[in-house]
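Working notes for the structure below.
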Amino acid sequence: MGWITKTLNATARARAGGEATTRLDAPPALPAGFPVPHRGPRRITLADLATHSSGLPSLPPNLLAGADPDDPYAHYTLDDLASGLGETTLATEPGSTYAYSNLGFGLLGQALAFDAVDSMLRRRVTDPLRLTDTTTTLRPDMASRKAVGHMAGQPVPDWHDHVLSAAGTSMYSTADDMVRFLGAQLRPERSPLRAAIELTQRPHFTADDNLRLGLGWHLSRLSSGRTLTWHNGGTGGFSTCAAFSRESACAAVMMVNTYSEQTATDPRPVDALTFALLGELDVS
């Protein structure tokens with residue numbers, strides 16, 4: 001399901017409550033030896049990580065060294081992450097600029113449950129919402145149903161990741177589970193995670209006149225005056241997009257087993273089709 005996983009992990013963060021180490025304004029609590037980069041007068045906070053405003057780069061600087069192009073995260077270890085953080089320089093001061101960062105969300109997951117992100121996500125989000133097919137580990141019955149990913153018309157292997165998985169590099173799901181997840185977004189009052197869902201959808205950072213960031217979610221202002229809440233994503237061989245509008249009580253998700261890049265001027269086909277299903281084509 002790719003980067004849509006970030007919305008699940010943001011929900012887990014929202015459920016963490018008011019403990020001192022998990023408040024939105026708290027810095028990520030990582031073990032000694034994992035230096036969080038800094039720049040300017042204040043430290044990176046969990047809110048910065050969840051809204052892509054931390055100043056962190058998209059990826060750790062040492063991620064691709066020796067990586068398998070068909071499975072680029074599989075070799076990366078916690079020791080590599082510690083080393084990579086020591087080599088990382090922030091592009092901007094925390095809380096000042098929107099710049100999408102898989103590294104940032106990977107750190108968010110580690111800050112919530114160091115080296116135990118998968119079990120934390122099950123406990124806090126997928127089990128309560130009954131997302132039975134949303135996991136980083138395929139059960140035998142899931143493996144028999146799993147689509148094969150493709151790039152340029154050729155089958156490619158799945159990605160695997162044990163360090164930055166909160167970013168969405170190795171999460172599996174189904175359309176049924178994602179429809180159930182979006183149903184909880186449309187009607188959080190019917191969900192056991194109402195407070196957390198409402199918190200993720202609330203604007204926490206303004207990127208520009210047309211885009212604000214919730215926790216994990218992108219909030220686009222439309223010409224109709226409504227807000228479209230969305231996230232897209234992709235890994236090697238797969239592309240996804242999920243979007244909803246609470247004002248119009250509509251949601252759509254697309255999950256396809258081919259990967260396509262977004263150009264500078266046009267959205268990916270899967271994104272354009274998802275927004276068109278909702279009757280919204282002016283998403284920035």
Side-chain angles (χ1 to χ4, degrees), residues 2-16 23-26 28 40 42 44-58 90-105 107-108 166-168 181-182 184-189 191 193-233 240-253 262 264-265 267-268 271-272 274-284:
W3 313 141
I4 297 176
T5 303
K6 293 180 177 67
T7 65
L8 299 175
N9 280 287
T11 306
R13 200 249 61 92
R15 283 207 73 196
R23 293 196 313 263
L24 282 172
D25 60 355
R42 74 166 177 83
I44 290 173
T45 67
L46 294 174
D48 298 330
L49 297 177
T51 58
H52 300 287
S53 58
S54 65
L56 287 164
S58 176
L90 299 188
T92 57
E93 291 187 8
S96 66
T97 306
Y98 167 77
Y100 195 88
S101 176
N102 287 316
L103 172 57
F105 251 87
L107 291 185
L108 180 68
F181 181 60
L182 290 178
Q185 304 302 314
L186 287 177
R187 299 179 181 85
E189 69 278 3
S191 165
L193 306 186
R194 176 177 184 171
I197 289 172
E198 294 279 12
L199 184 61
T200 64
Q201 294 181 20
R202 189 178 306 156
H204 293 274
F205 183 81
T206 298
D208 57 40
D209 290 343
N210 296 314
L211 179 65
R212 295 172 296 169
L213 281 298
L215 303 181
W217 290 108
H218 293 71
L219 314 173
S220 290
R221 289 184 180 143
L222 304 173
S223 58
S224 63
R226 294 194 298 271
T227 295
L228 189 69
T229 305
W230 60 277
H231 206 298
N232 58 4
T240 57
C241 186
F244 64 92
S245 168
R246 287 182 66 175
E247 292 106 321
S248 59
C250 292
V253 60
Q262 182 168 346
T265 57
R268 302 177 311 155
D271 301 343
T274 303
F275 300 145
L277 282 171
L278 294 173
E280 305 292 0
L281 297 177
D282 60 347
V283 177
S284 300

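In terms of heavy atoms, Pro57 sits closest to Leu103 at O-CB, 3.7 Å. Closest approach of Ala252 and Thr274 over heavy atoms only: O-CG2, 3.8 Å. When all heavy atoms are compared, the tightest approach of Ala14 to Ala196 is CB-O, 3.5 Å.
The structure places CG of Leu186 at 8.0 Å from OG of Ser245, a figure rounded to the nearest 0.5 Å. Distance check: Thr200 OG1 to Trp217 CH2 gives 7.5 Å after rounding to the nearest 0.5 Å. Rounding to the nearest 0.5 angstrom, the gap separating the CG atom in Leu277 from the SG atom in Cys250 is 10.5 Å. In this structure, Thr240 OG1 and Ile4 CD1 are separated by 3.5 Å, a value rounded to the nearest 0.5 Å. For the atom pair CG of Leu215 and CD1 of Ile197, the computed distance is 12.0 Å after rounding to the nearest 0.5 Å. Considering CG of Leu222 and CG of Leu278, their distance stands at 9.5 Å, rounded to 0.5 Å.
Scanning for side-chain hydrogen bond (donor to acceptor under 3.5 Å, both in side chains) contacts around Thr51 gives Ser53, with sequence neighbours left out. With sequence neighbours excluded, the residues satisfying side chain to side chain contact (heavy atoms under 4.5 Å, CB included) with Thr227 are Arg212, Leu219, Thr229, Glu247. Take His231 and apply the side-chain hydrogen bond (donor to acceptor under 3.5 Å, both in side chains) test, not counting sequence neighbours, and it matches Tyr100.
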### Query
Yes or no on salt bridge (Lys or Arg N to Asp or Glu O under 4.0 Å) for Asp48 and Arg42, after CA distance, side-chain angles and deciding distance?
CA-CA 11 Å; Asp48 298 330; Arg42 74 166 177 83; 2.7 Å; yes
### Query
Checking side-chain contact (heavy atoms from CB on, under 4.5 Å) for the pair Arg23/Leu46: CA distance, chi angles, key distance, verdict?
CA-CA 7 Å; Arg23 293 196 313 263; Leu46 294 174; over 6 Å; no
### Query
Run the side-chain contact (heavy atoms from CB on, under 4.5 Å) check on Ile44 and Leu49 step by step: do they pass?
CA-CA 7 Å; Ile44 290 173; Leu49 297 177; 3.8 Å; yes
#### Entry: Step-by-step side-chain contact (heavy atoms from CB on, under 4.5 Å) determination, Leu182 to Val253
CA-CA 8 Å; Leu182 290 178; Val253 60; 3.9 Å; yes
### Task
Go through the steps for Leu24 and His204 under the test side-chain contact (heavy atoms from CB on, under 4.5 Å), then give the verdict.
CA-CA 10 Å; Leu24 282 172; His204 293 274; 3.7 Å; yes
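Residues Leu193 and Arg15 meet the side-chain proximity criterion, which asks for heavy atoms closer than 4.5 Å. Counting heavy atoms from C-beta outward, Thr206 and Leu211 have side chains that stay 4.5 Å or more apart. Two residues are said to be in side-chain contact when any heavy atoms from C-beta on lie closer than 4.5 Å; Lys6 and Asn102 meet this criterion. His52 is listed as a side-chain neighbour of Phe105, based on a closest heavy-atom distance under 4.5 Å. Using a 4.5 Å heavy-atom cutoff, the side chains of Leu56 and Leu90 are in contact. When side chains are defined from C-beta on, Phe181 does not count as touching Phe244, because their heavy atoms never get closer than 4.5 Å. Side-chain contact check for Phe205 versus Tyr98: some heavy-atom pair is nearer than 4.5 Å. For the pair Trp230/Ser220, a side-chain contact is recorded, criterion being any heavy-atom separation below 4.5 Å from C-beta on.
Side-chain atoms of Arg221 come within 3.5 Å of backbone atoms of Asp209 as a donor-acceptor pair (strictly under, hydrogens ignored). Remark: the backbone N or O of Gly233 is paired with a side-chain donor or acceptor of Arg268 at under 3.5 angstrom. A donor-acceptor pair under 3.5 Å is formed between the side chain of Asn9 and the backbone N or O of Ala166.
Using modelled atom types and a 3.5 Å distance limit, the side chains of Gln201 and Arg246 yield a donor-acceptor pair.
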